[in-house]
Structures are given as structure tokens and as C-alpha cells.
Amino acid sequence: MHIDKYERYWLIAVAAMLGAFAAALVATTVVFGIRLPGPVGRVDPQNLADSDFANPGVVNLGNNTYEVHVVAKMWAYDIGAEAGIPPTLRFPKGSEVTFYVTSQDIIHGFYIEDHTLNLEVVPGQIAKGTAKFNRPGTFMIICNQYCGAGHAVMFGTIVVE
Ligand code: CUA
């Protein structure tokens, strides 16, 4: 079968490009360990009082690591009385914070400004994500899933100092 010279060049270019994309995918998962966030567990949204979400809030695990349980609901994040509503969380610079987020009603979002954390918060599921706060500043937590009349006022603040 005769293949024109330029057609052959294009076929080689396409094959090389597909190979490069496949290599990039493998590199992100194997070398850099990047994964799409997925649910890490299930929980009964009608019965959060009997779960790890009974007392939302921040737990200091030492060594600049923290664990935070968050209950999203129309239209606020419940991160405990100490954080208030809308909540304000404070972490020292260099903290590594793992968030566990669930919803007690409908789908919400949990996005932290300027950090690589963006979770979809689905009732019945536990979303988990870790953020490193290396830079001092004030960063918004934003519900980025439209969730009704109060969607625009569903936010929180993280202060890194
Ligand atoms: Cu909750 Cu939008």
C-alpha cells in the first residue's frame, strides 16, 4: 500500500502526540501521585449525630497537621461553635490540613481559594481532601455548586498566619 510521504509524516506526528499524552497521564498518576478526588466513605445524612460528623471542628494532630470535619448544609458550613457561622479557621503557616466534608441535605461544593482543593459534597458520601497552607493570607472557602437561594452566602474563611 502506498502512503504519501506527507501523510506518513502526519501519521507519525499523531502517534507521537498520543504517546506523549499517554506518558503525561502515566506520569501524573505514577510519578506525581495526582488523583481525582473521590468519596472515601459513606455516612447516613439523616443521622450525622451517630457519625464522625457529630462534632464538626478542627483537631490538632501535632506536627503542624490538622484534621477538620465539616458539615455542609443549606446554606452554611458547620465547623463547630468555635469557628462560628460563617466559619473562620486559623492555621499557622506551613500547616497541612485534611478536610472531611459531608452534606446533610443536598449537593454542595467545598472549594478553597488559591489552593488545590475542590470537593464535591454529596449527601451520604464523605469527601476528603488535603491542603497545604504555605503562604500567609486570608483565603475563602466557597460553595461552588449551586444549592439554592442562599448559595451566594455559603462561604467560610481560612486565615493562615
Ligand atoms: Cu451550598 Cu452552593
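The figures here come from the full heavy-atom set of this structure, side chains too, leaving out hydrogens, waters and symmetry mates.
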(request) May I ask you to test the Thr98-Tyr100 pair for a side-chain heavy-atom distance under 4.5 Å? (result) yes

(request) Decide yes or no for Val121 and Phe110: does some side-chain heavy atom of the first lie under 4.5 Å from some side-chain heavy atom of the second? (result) yes

(message) Quick check: is Val101 connected to Ile106 through a chain of hydrophobic side chains (ILVMFWY, heavy atoms under 4.5 Å apart)?
(response) yes

(message) Tell me whether the rings of Phe91 and Phe133 are parallel (<30°), tilted (30 to 60°) or perpendicular (>60°).
(response) parallel

(request) Return yes if a side-chain donor-acceptor contact under 3.5 Å exists between Thr88 and Thr157, otherwise no. (result) no

(request) Taking side chain to side chain contact (heavy atoms under 4.5 Å, CB included) as the test, write out the residues that go with Ala83, two or more places apart. (result) Ile79, Pro87, Leu89

(message) Looking at Gln46, is its backbone amide N or carbonyl O close enough to the side chain of Asp44 to form a donor-acceptor pair, meaning the two atoms are under 3.5 Å apart?
(response) yes

(request) Locate the shortest heavy-atom distance separating Pro56 from Ala54; write the atom from each residue and the value. (result) CD-O, 3.5 Å

(request) Considering non-hydrogen atoms only, spot the tightest contact between Gly94 and Lys132 and give its length. (result) O-CE, 4.3 Å

(request) Calculate, to the nearest 0.5 Å, the distance between atoms OG1 and CG belonging to Thr102 and Leu119 respectively. (result) 11.0 Å

(request) For the pair Asp114 and Arg135, evaluate side chain to side chain contact (heavy atoms under 4.5 Å, CB included) and give the outcome as yes or no after the intermediate values. (result) CA-CA 10 Å; Asp114 286 348; Arg135 219 158 18 94; 3.7 Å; yes

(message) Do Tyr66 and Pro92 make a side-chain contact, defined as non-hydrogen atoms from C-beta onward lying under 4.5 Å apart?
(response) yes

(request) Return the set of residues passing side chain to side chain contact (heavy atoms under 4.5 Å, CB included) with Asp4 (not counting sequence neighbours), or none when no residue passes. (result) Tyr6, Glu7

(request) Keeping the roles fixed (side chain from Asp105, backbone from Met74), state whether a donor-acceptor pair exists under 3.5 Å. (result) yes

(request) Sequence neighbours left out, what passes side chain to side chain contact (heavy atoms under 4.5 Å, CB included) with Tyr146? Give chain and number order. (result) His151

(request) Enter the distance from His69:NE2 to Ser51:OG here, rounded to the nearest 0.5 Å. (result) 7.5 Å

(request) Measure the CG-CD distance between Asn63 and Glu96 for me, rounded to the nearest 0.5 Å. (result) 10.5 Å

(message) If you apply the rule side chain to side chain contact (heavy atoms under 4.5 Å, CB included), what do you find for Ile126 with Arg42, and how did you get there?
(response) CA-CA 6 Å; Ile126 301 169; Arg42 303 198 68 84; over 6 Å; no

(request) Starting at CG of Asn64, measure out to OG of Ser95 and round the result to the nearest 0.5 Å. (result) 4.5 Å

(message) My understanding is that only residues two or more places apart in sequence, or in another chain, count here; which of them pass side chain to side chain contact (heavy atoms under 4.5 Å, CB included) with Asn118?
(response) Tyr111, Asn144

(message) Hydrophobic clustering (ILVMFWY, side-chain heavy atoms < 4.5 Å, transitive) - are Phe139 and Val70 grouped together?
(response) yes

(request) Look up atom CD in Glu120 and atom CD1 in Ile107, then write down how far apart they are to the nearest 0.5 Å. (result) 5.5 Å

(request) Using the test salt bridge (charged side-chain N to carboxylate O under 4.0 Å, His left out), find all partners of Glu161 that sit at least two apart in sequence or belong to another chain. (result) Arg90

(request) Provide the closest heavy-atom pair for Pro45 versus Val43 in the form atom of the first, atom of the second, distance. (result) CD-O, 3.2 Å

(request) Not counting sequence neighbours, which residues clear salt bridge (charged side-chain N to carboxylate O under 4.0 Å, His left out) with Lys128? List them please. (result) none

(message) Ile141 vs Tyr77, test: side chain to side chain contact (heavy atoms under 4.5 Å, CB included). Steps then yes/no.
(response) CA-CA 9 Å; Ile141 304 168; Tyr77 296 110; 3.8 Å; yes

(request) Report yes if the side chains of Gln104 and Pro123 come closer than 4.5 Å at any heavy-atom pair, otherwise no. (result) no

(request) Check for a donor-acceptor pair, side chain of Gln145 on one end and backbone N or O of His108 on the other, with a separation under 3.5 Å. (result) no

(request) Any chance you could measure Ile158, atom CD1, to Ile112, atom CD1, to the nearest 0.5 Å? (result) 4.0 Å

(message) Counting C-beta onward and ignoring hydrogens, is there a side-chain heavy-atom pair between Leu48 and Val71 closer than 4.5 Å?
(response) yes

(request) Examine distances only and state if a side-chain atom of Trp75 and a backbone atom of Ala152 form a donor-acceptor pair shorter than 3.5 Å. (result) no

